[in-house]
Protein chains: 2
Amino acid sequence: MPVISDIYKNFDEKSRRILYNVLSAKTIEYRANQMISYSMGKRNVIGIVETGRARMIRYEYTGERTILDEINEGDIFSDMFVESDFSELSVESITDCTVTFINYEEIIEKSESSRLALQFLNNFVHVINHILTKRNERIELLTTRSIRNKLLAYFELQAKKNNSKTFNLNYSYTDLADYLAVDRSALMRELKNLKEEKFIKDVNKKITLLY
Amino acid sequence: MPVISDIYKNFDEKSRRILYNVLSAKTIEYRANQMISYSMGKRNVIGIVETGRARMIRYEYTGERTILDEINEGDIFSDMFVESDFSELSVESITDCTVTFINYEEIIEKSESSRLALQFLNNFVHVINHILTKRNERIELLTTRSIRNKLLAYFELQAKKNNSKTFNLNYSYTDLADYLAVDRSALMRELKNLKEEKFIKDVNKKITLLY
DNA sequence: GCAATTTTGTTGCATTTGCAACATACAAAC
DNA sequence: GTTTGTATGTTGCAAATGCAACAAAATTGC
């Protein structure tokens, strides 16, 4: 299933190339498990993941790791979204990736004269709105008061998105624990409880809500 | 400290009026504790709170109520930021409010020809980014693994914003507990520990970091 | 195919947190 | 000034969570 990215809405391949030329966009290839560091340090750079998957991760000085976001094909990331001097953020490729970098100011400048640039800016706004929605969801999950509630809230959200009580987890449990900011073993224990109490069924990563 | 709204950056009163005329903006007055319902139902409407304070509230299908955001003078709100079909959102005035409504599509259309509209769109992007940053901060706090760390992270953030190791809390401890999604008494206990271990000083709501 | 690495699954134990129930301080309302 | 209500501060106890350590299963790399 090809990912249709909102950032390219109403763009065909040709106009995309024209636009990228106008905006002096740079496309860079990354291997799996690499640091995507082009944008770091430079302000107002937008990265578009053309192919592949990546993650935004925060490393604590203690060595603790928190997954801040999944970045899939067609998703964008930007230091514009983060208070840069507060925490050590990095974007890491999961698979091989192709990433295009664009300077935001460039888009604004060119939007005055180029209809393509304006269309792209419009798409950008919609994409940020979508990210905002995702952040809101995350906050909802994190503000529930127990691991059980976090798990159930997460599962319900996935069910809603899949329009079905059955869905595949796209996180490993190790990662899910990081995402929900809880201890992995504690998460496993609670997961077991949920299964035993017939709240859910879990046939290797395919979850079914039983209520 | 006056609120400087990014949404009006580079706009004087005159150009703002011109722009609002071009965009067919509508300004509506609300009394305190009223539902600000103009935008509901219509997609892609942006509300700008010119004067007064309001709140964004989510009503659960269970009847549960959650305060999602404080909206102060100069802040904007929009149904664009929310997955509309999942939850029932509403904005309610706290004090008397003046709210200007603009249709986002209108901004895009007019941006092609009007420099003011493009400037406004640019401001809009920066405002959303700022909201995104606030959400990220909240997530940072929520993903730390203990009450102690949540408190310290929160205090450090405030210290940073105030550019000083001493600052006034603008939350009551009761509210702070809700904000950090922890039990209030547990928060008080940890606060006491932090004071006893000389991490912080707390002279009625004036906190000083001692490290 | 085999070795190396990562993820899953489990458990005992210590610590942290939440809950409930107070007393006290403070502020607002009458 | 008294009442009423809300915020602060405290504590014992039960429950939830994190930590550490391990075995088994699955996946990846060569």
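Letters go in sequence order (proteins before strands), and every chain restarts at 1. Side-chain atoms are counted along with the backbone in the values below, which use heavy atoms only and exclude waters and symmetry mates.
- Under the salt bridge (Lys or Arg N to Asp or Glu O under 4.0 Å) criterion, A/Arg148 pairs with A/Glu190, A/Glu197, not counting sequence neighbours.
- Interatomic distance, B/Ile46 CD1 to B/Ile76 CD1, rounded to the nearest 0.5 Å: 6.0 Å.
- One finds a side-chain N or O of A/Lys192 lying less than 4.0 angstrom from the OP1 or OP2 phosphate oxygen of C/dT11.
- Scanning for salt bridge (Lys or Arg N to Asp or Glu O under 4.0 Å) contacts around A/Lys195 gives A/Asp202, with sequence neighbours left out.
- Between the C1' atom of D/dT8 and the CG atom of B/Leu194 lies a distance of 17 Å, rounded to the nearest Å.
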### Task
Begin with the C-alpha distance, continue with both residues' side-chain angles, and end with the deciding distance and a verdict on salt bridge (Lys or Arg N to Asp or Glu O under 4.0 Å) for A/Glu137 and A/Lys160.
CA-CA 12 Å; A/Glu137 276 173 11; A/Lys160 221 170 218 171; over 6 Å; no

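- A salt bridge is absent between B/Arg184 and B/Asp178; no separation between the charged side-chain nitrogens and carboxylate oxygens falls under 4.0 Å.
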### Query
Which letters describe nucleotides 24-30 of chain D, given B = protein heavy atom under 4.0 Å from base, S = only from sugar-phosphate, - = neither?
-------

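- The backbone N or O of A/Asn123 sits nowhere less than 3.5 Å from a side-chain atom of A/Asp6 that would complete a donor-acceptor pair.
- Remark: P of C/dT7 and OH of A/Tyr171 are 14 Å apart, rounded to the nearest angstrom.
- Scored by the side chain to side chain contact (heavy atoms under 4.5 Å, CB included) test, B/Asp12 finds B/Lys14, B/Ser15 as partners (sequence neighbours excluded).
- When the P atom of D/dG9 is taken as reference, atom CG of B/Leu169 falls 11 Å away, rounded to whole Å.
- A salt bridge (charged side-chain N to carboxylate O under 4.0 Å, His left out) check over residues 124-136 of chain A, counting only residues at least two apart or in different chains, returns the pairs A/Asp69-A/Lys134, A/Asp69-A/Arg135.
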### Task
Sugar-phosphate means primed atoms, P, OP1 and OP2; the rest is base. With that split, encode nucleotides 15-20 of chain C 5' to 3' as B, S or - using protein heavy atoms under 4.0 Å.
--BBBB

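- Within residues 201-211 of chain A, no residue places a heavy atom under 4.0 Å from DNA chain D.
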### Task
Take B/Glu73 and B/Arg53 through the test salt bridge (Lys or Arg N to Asp or Glu O under 4.0 Å) and record every step on the way to the result.
CA-CA 6 Å; B/Glu73 210 162 293; B/Arg53 293 193 313 127; over 6 Å; no

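- As a whole-Å value, the separation of B/Lys195 NZ from D/dT8 P is 11 Å.
- Contacts of A/Tyr171 classified as ring-ring contact (aromatic ring centres under 6.0 Å, His included), with partners at least two apart in sequence or in another chain: A/Tyr179.
- Annotation: side chain to side chain contact (heavy atoms under 4.5 Å, CB included) contacts of A/Ser185 (sequence neighbours excluded): A/Asp183.
- Qualifying side chain to side chain contact (heavy atoms under 4.5 Å, CB included) partners for B/Ala25, counting only residues two or more places apart in sequence or in other chains: B/Tyr20, B/Thr100, B/Ile102.
- With sequence neighbours left out, the salt bridge (Lys or Arg N to Asp or Glu O under 4.0 Å) criterion links A/Arg17 to A/Glu13.
- Axis orientation changes by 70° from one end of the helix from C/dG1-D/dC30 to C/dC30-D/dG1 to the other, with each end axis drawn from 5 pairs and the value rounded to 10°.
- In this structure, CE of B/Met188 is placed 13 Å from C1' of D/dT11, rounded to the nearest angstrom.
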